[in-house]
Structure formats: structure tokens, C-alpha cells
Amino acid sequence: MLEMIKNPRVMTKAQAEVRQVFEGKGNVDETGVHQLKYLKCVIKETLRLYPVIPLLIPRESSCVVNGFEIPAKTRVIVNAWAIGRDPNYWIEPEMFEPERFVNSSVHFMGTNFEFIPFGAGMRICPGILFALQNVELPLAQLLFHFDWKFSWGMKQEDMDMTEKFGVSMKRENDLVLVPGPYHASITIA
Ligand code: HEM
């Protein structure tokens, strides 16, 4: 929501998609969520810039990485946050640009090592599908039913991006936005 309110172009595009898919129904439900291709790109882009667990869970294993031998019992911590912003792999990495995932096969299922918000390999997050359902549906509902604005008196340049230090990445302060109702038309079959 934060990146979309900062980038009205993205908000408008995501909202248009959701409203186009669910117009006539008057509500968002699970049946049409698979059609929300752009919204899925928005979620991917969010996970690239803001991986929920920026430093993946430490693992111990003996292996060879780029010719460097990692002996058993070495504590290795993978920085998923830095990988998601690595300019060797991402064009303009600091930009919030969901279009980079449109027509791209890069996914977070653990085979594209430049994008690992859920980890990779044997210990990849087993909750990926459950997690996505719990993001896609509520986000689509928020976009379908409301037009969003900054809270009163706030401007784009006042946007507070401070993050809280911890195992999972959170905002330091709440994001306060003002919803305006959207009146969807309902088609009765
Ligand atoms: C957006 C939401 C979520 C994100 C970004 C996320 C991310 C992660 C990451 C990065 C790991 C560590 C993987 C590694 O060390 O390589 C992990 C592990 C794990 N996640 Fe998630 N997760 C999410 C939601 C969930 C949900 C909803 C569940 C359960 C219903 C879940 C269950 C687990 C479990 C059990 C592990 C440990 C797996 C293991 O060590 O073998 N996660 N998750």
C-alpha cells in the first residue's frame, strides 16, 4: 500500500485490473484472484524490496560457494534484502517497478537465486501458497472497494520510510491512509 500510494501510476493500474476482473460482482472473492496478473507483480516487487525476513534463517552445512569451501558448523547468513537490490541482477534496483516481473519467468519459488524472499532449497518456506493467499485477497479487496489518499495534510515528501530493526521487517510507525468508498456496479444474472 505504501509503495502504491507513493507511485499513483501503479495504484491506478492495479486498481483498474481488480475492478475490471470483479466489476459486476460487487465483491472480490477467491474465484478471480488468479486473473490479477499485475497485482501479483506488485506483490513480487514488494517482496523484492522488502523481504519479510531480510536475513534468512542461519544454516550450518559444509559446501563450496564460488570456489570457497565453507566448513561444517560455519554459521552462514544469507542477506535476501541485499540480493533483491543487487544492481548486478536488477535494473534500477531501488525503483518500485512491478513491470519488471511482467512477462518475466523470475519467481520466488527458490530457483532464481536473485529473488529469494522465501529462501531456497530444502528449507524453503513451506507456507508460500498460504502466505500469498493471505496477501492477494485482502490487498485486492482494499483496492477494489476504496480509493486511497494520504492522511490529511500529509504529502509524498513527508512519507516516513523508517524500518524497525528485527528478525522480520516492519515499519517503525503505522501507515495512515484515508479510504474513500468506491461504488461498484453489480450485475444481477
Ligand atoms: C509473506 C509471508 C512469508 C514469508 C516472506 C516467509 C518467508 C520465510 C523464509 C525466508 C523462511 C526461511 C527459509 C530459509 O531459511 O531458507 C521461512 C521459513 C519457514 N516458513 Fe515462512 N514465510 C511466510 C509465511 C509463512 C506462513 C504463512 C507459514 C505457515 C503457514 C510459514 C512457515 C514457515 C516454516 C515452517 C518455515 C521453516 C522451514 C524450515 O526451516 O524447514 N511461512 N519463511
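Both ligands and their constituent atoms are indexed starting at 1 by order of listing.
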With backbone taken as N, CA, C and O and side chain as the heavy atoms from C-beta onward, which portion of Ile57 lies under 4.0 Å from ligand 1: side chain, backbone, both, or neither?
both

Going by atom types only, do Lys25 and Thr31 share a side-chain donor-acceptor pair under 3.5 Å?
yes

Student check: side-chain heavy atoms of Arg171 and Leu2 closer than 4.5 Å
yes

Euclidean distance, Phe146 CZ relative to Gln141 CD, rounded to 0.5 Å
9.5 Å

Find all atoms of ligand 1 within a distance of less than 4.0 Å from any non-hydrogen atom belonging to Arg123, and give their numbers and elements.
13 (C), 14 (C), 16 (O), 38 (C), 39 (C), 40 (O), 41 (O)

Of Gly121, Gly110, Cys125, the one whose closest heavy atom lies nearest atom 22 (N) of ligand 1 is Cys125

Please write down residue, atom name and distance for the protein heavy atom closest to atom 9 (C) of ligand 1.
Ile53 CD1, 3.7 Å

Please evaluate residues Glu3 and Tyr50 with respect to the criterion side-chain hydrogen bond (donor to acceptor under 3.5 Å, both in side chains), reporting the C-alpha separation (whole Å), side-chain torsions for both, the decisive distance (0.1 Å), and the verdict.
CA-CA 11 Å; Glu3 282 292 354; Tyr50 309 102; 2.4 Å; yes

Where do Ile124 and Phe108 come nearest, in terms of heavy atoms and distance?
CD1-O, 4.3 Å

Could you list the atoms of ligand 1 found under 4.0 angstrom from a heavy atom of Gly119?
10 (C), 13 (C), 16 (O)

Which of the numbered atoms in ligand 1 are under 4.0 angstrom from any heavy atom belonging to Val52?
5 (C)

Do Phe96 and Lys6 have side-chain heavy atoms sitting under 4.5 Å apart?
no

Protein heavy atom at shortest distance from atom 7 (C) of ligand 1:
Pro117 O, 3.6 Å

Specify the protein heavy atom at minimum distance from atom 27 (C) of ligand 1: its residue, its atom name, and the distance to 0.1 Å.
Phe130 CD2, 3.6 Å

Note, Tyr38 side chain near Val18 side chain (heavy atom, < 4.5 Å):
no

Identity and separation of the nearest protein heavy atom to atom 19 (C) of ligand 1
Pro126 CD, 3.6 Å

Suppose we measure from atom 24 (C) of ligand 1 to each protein heavy atom; which comes out shortest, and what is that distance?
Ala131 CB, 3.7 Å

Specify side chain, backbone, both or neither for Phe118, according to which of its non-hydrogen atoms lie closer than 4.0 Å to ligand 1.
both

At what distance is the nearest protein heavy atom to atom 15 (O) of ligand 1, and which residue and atom is it?
Arg59 NH2, 2.7 Å

To the nearest 0.1 Å, how far is atom 29 (C) of ligand 1 from its closest protein heavy atom, and which atom is that?
Gly127 CA, 4.0 Å

Leu56 heavy atoms within 4.0 Å reach ligand 1 at atoms 10 (C)

Would you say the side chain of Lys37 lies within less than 4.5 Å of the side chain of Val102, judging by non-hydrogen atoms?
no

When you compare the side chain of Arg59 with that of Met122, does any pair of heavy atoms fall below 4.5 Å?
no

